[in-house]
Structures are given as C-alpha cells and as structure tokens.
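A short worksheet on the structure shown next.
Bear in mind that the values here come from a model prediction, so they are computed numbers and not experimental data. Numbering of ligands and ligand atoms starts at 1, following listing order.
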Amino acid sequence: MTFQNLILEHAENGKVGVLTVNRPKSLNALNAETLDELLQALTRVAEQPEVRVLLITGGGDKAFIAGADIAAMQNMSALEARAFSEKGQRVMQAIGALAIPVIALVNGYALGGGCELALSCDWIVATDRAVFGQPEVNLGIPPGFGGTQRLARLVGRARALELVTTGRQIKADEALRIGLVNEVVAAAELMDVGLTMARTIAAKAPIAVRVAKQAVQRGLDLDLANGCVLETSLFAFAFGTDDRKEGMTAFLAKRPPEFNGR
Ligand code: CAA
C-alpha cells in the first residue's frame, strides 16, 4: 500500500511498524487526505498480527506535525469543520483502539492536531528540540481533534486549561516536567531510542502485552473496584495461553522464554 502523505515501514523482522507523516513542506500538517491515509494505515497495522509495536513520527527535521492544515481549513463552513473534526477524532480514536503499544516519537513541532495525535499515542518520547502546544485560540477556534480531553486527562485540568486558553507553546523540558512526555533524548538518538523500546516490548509475550495495555487503558475509564475486576479477568485469560506456560517453564528452567503469541 502506497500513500501520498505517509510512509508505513516495518522494522525488526516485521514486528515494529514505523509510520511517518510526511508532508515536510507544510510541516506535516494534517489535511483531510492525510487523515484518510492515516485511517487506512492504522487499519492495515491492526490487521497485521505480527506487528507488536507501532512508532509514529514526522518527516523532515523540523516538525512532528504542526497541526491541522490551516490552508485547508480557511474556507470551511461550520458543517464542513464539523466533518473535518469528526474525521480527525476518528483517526485519534483509531490510534487509541490499536491493541498494541503505540509510541509517538516527537522530533520537532507538535502543535494543535499534532499535539493531539501525540496525545492519542500510549506515550511520547521527544527530542530536546520538540515544542508542544495547543495554539488554536490564536486562530479563533478551540482544539478539535480531542486535545481538550486527552491533554486534561494526561497533565491535569489546570495545566490543560492554561495551555488551551493561552496557546502557550512549551519546550521538551517543561513537557517532561508536567508528564506530557516520558523521555527527552537528543535528536540523533530518537529513532534508536524508539526502536530499542519497541524491541524490548516485541520480545515479551504478545498477548500479555496486549491485555496489560487493555487493562490500563480500559481501567482508567472505570472505578478502582471495577478496574481490578477487569484486571482479574484478563489475568485469568492470559493463563490459558501457551506463552504463559512457556514463560513460567523457562523461568524455572533458568532459560530465556520463546514466545509464539498463542
Ligand atoms: N497548516 C498549514 N500549513 C502549515 C502549518 C499548518 N498547521 N504549519 C506550518 N505550515 C506551513 C507554513 O504555512 C509554511 O508554508 P510556506 O512555506 O508555503 O509558507 C511552512 O509550513 C513552513 O512554516 P513556517 O514558515 O511558518 O515555519 P516557521 O519555522 O517560521 O514556524 C511554526 C514554524 C511555529 C510551527 C509555524 O509554522 C506555525 O505556527 N504553524 C501553525 C501552528 C498552528 O497554529 N497549529 C494549529 C493548527 S489548528 C489545529 O490543529 C486545529 C485542531 O485542533 C484540529
């Protein structure tokens, strides 16, 4: 499958997907065509059981994604803007709905829809040149791809409210301090760090990784007691897998496990 505005590649013998939003002349801004392609690419990844981790990054050396495409939005009616927002929301939900871990590798500006896309990933690794922000208020609009919701859930209500109402852009060190990103690395190391994380995860029991993600993600929408019930169900489910037997047998035999994903 080839795309105009994306590159979908595979690394680590097909176990790691690397999805690059690639419109560097527009700082990878998200227009409707790019959002459509993202949905197609995410569907493709979801249908590839061998892919165990997805890395998402931006093409060029300046931006992860500088937002929704302002030129494409300029003449939209309110109804068209609603459809555009819904399309963007579908993309962000499709990222969140992937059963495998998804890591955003933020290599520059992650503004507006770009920050929202990074927030839709499971966690963010950024370079020391990364800049995050929701500057939509400068354009007369609020965030429209889920930023008001996911930012508040990740960094808290007060910090999210400050960022979405001032449009203030923050650098990687502040993003790390407020818990928006997990790790800040040198630009030249970003892909290596992402691939190392992905390799570590890909070596684990795939079903255990998926249900661990599901327990954390779904559990956050539940109260503690119901979240723990969900965890118990997933724990018991994992006990029925070959990989559970292999993991425990290998530990007791003092040898590395060989997981087959069943
Ligand atoms: N949409 C469309 N084009 C964009 C863009 C965007 N979001 N961001 C940058 N570009 C284009 C610029 O228009 C420029 O194109 P030309 O070369 O054809 O003039 C090119 O990318 C390079 O950008 P700059 O010359 O502006 O680069 P810079 O280094 O001077 O500034 C920047 C970089 C600070 C990121 C600046 O480009 C900028 O502020 N971009 C807009 C950021 C923004 O407001 N994002 C939010 C968009 S709204 C949104 O996302 C809504 C939503 O939630 C759904």
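One option in Asp69, Leu139, Ile65, Val131 has a heavy atom closer to atom 48 (S) of ligand 1 than any other, and that option is Leu139. The residue among Ala66, Gly112, Gly67 with a heavy atom at the shortest distance from atom 40 (N) of ligand 1 is Ala66. Considering only non-hydrogen atoms, atom 50 (O) of ligand 1 lies nearest to Gly113 out of Gly113, Ala72, Pro24, Ala63.
The protein reaches atom 54 (C) of ligand 1 closely, with a heavy atom under 4.0 angstrom from it. Not a single protein heavy atom sits closer than 4.0 Å to atom 16 (P) of ligand 1. The nearest protein heavy atom to atom 26 (O) of ligand 1 is not closer than 4.0 Å. By the definition of a contact as any protein heavy atom under 4.0 Å away, atom 13 (O) of ligand 1 is not in contact. Taking a distance limit of 4.0 Å, we find that atom 19 (O) of ligand 1 is approached by no protein heavy atom. Proximity of atom 23 (O) of ligand 1 to the protein is indicated by at least one non-hydrogen atom lying closer than 4.0 angstrom.
The nearest pair of heavy atoms linking Cys121 to Ile56 is SG-CD1, 4.0 Å.
Remark: Arg255 engages Glu246 in a salt bridge, criterion side-chain N to carboxylate O under 4.0 Å. A salt bridge links Glu174 to Arg168: at least one charged side-chain nitrogen sits closer than 4.0 Å to a carboxylate oxygen. Ion pairing of Arg90 with Glu86 is absent here, as no side-chain N (NZ or NE/NH1/NH2) approaches a carboxylate O to less than 4.0 Å.
One N or O on the side chain of Arg23 and one on the backbone of Ala29 form a donor-acceptor pair closer than 3.5 Å. Between the side chain of Thr127 and the main chain of Arg129, a donor-acceptor pair closer than 3.5 Å is present. Between the side chain of Lys213 and the backbone N or O of Ile100, at least one donor-acceptor pair lies under 3.5 Å. Checking side-chain atoms of Gln89 against main-chain N and O of Gly144 turns up a donor-acceptor pair under 3.5 Å. Thr43 places a side-chain N or O within donor-acceptor distance of the main-chain N or O of Leu39, the cut-off being under 3.5 Å.
Using a 4.5 Å cut-off on side-chain heavy atoms (C-beta onward), Leu180 and Leu119 make contact.
The Lys62 neighbourhood of ligand 1 comprises atoms 27 (O), 28 (P), 29 (O), with distances under 4.0 Å to a heavy atom of that residue. Proximity to Pro143 (heavy-atom distance under 4.0 Å) selects the following atoms of ligand 1: 53 (O). For ligand 1, the atoms closer than 4.0 angstrom to any heavy atom of Met73 are 48 (S). Counting atoms of ligand 1 from 1 in the listed order, those under 4.0 Å from a heavy atom of Leu111 are 35 (C), 42 (C). Annotation for ligand 1: atoms under 4.0 Å from non-hydrogen atoms of Glu136 are 48 (S), 49 (C), 50 (O), 51 (C), 52 (C), 53 (O). Each of the atoms 52 (C), 53 (O), 54 (C) of ligand 1 lies under 4.0 Å from some heavy atom of Glu116.
Placement of Phe3 and Leu54 within a single hydrophobic cluster is found when ILVMFWY residues are connected by side-chain heavy-atom separations under 4.5 Å, directly or transitively.
A donor-acceptor contact under 3.5 angstrom links the side chains of His10 and Gln48, judged on distance only. Arg153 and Gln149 share a side-chain donor-acceptor pair at under 3.5 Å.
Heavy-atom separations between Pro135 and ligand 1 include at least one value shorter than 4.0 Å. Residue Gly88 places no heavy atom under 4.0 Å from ligand 1. A heavy-atom separation below 4.0 Å is found between Lys25 and ligand 1.
The shortest contact between atom 36 (C) of ligand 1 and any protein heavy atom is with Leu27 CD1, 4.6 Å. When hydrogens are left out, the protein atom nearest atom 4 (C) of ligand 1 is Ser26 O, 3.7 Å; that is the closest non-hydrogen contact. The protein heavy atom nearest to atom 47 (C) of ligand 1 is Ala68 O, 3.6 Å. With respect to atom 1 (N) of ligand 1, the closest heavy atom belonging to the protein is Ile70 N, 2.9 Å.
The shortest N or O to N or O distance between Gln169 and ligand 1 is not below 3.5 Å.
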Working for side-chain contact (heavy atoms from CB on, under 4.5 Å), residues Met191 and Thr57: CA-CA 9 Å; Met191 190 48 75; Thr57 193; 4.0 Å; yes
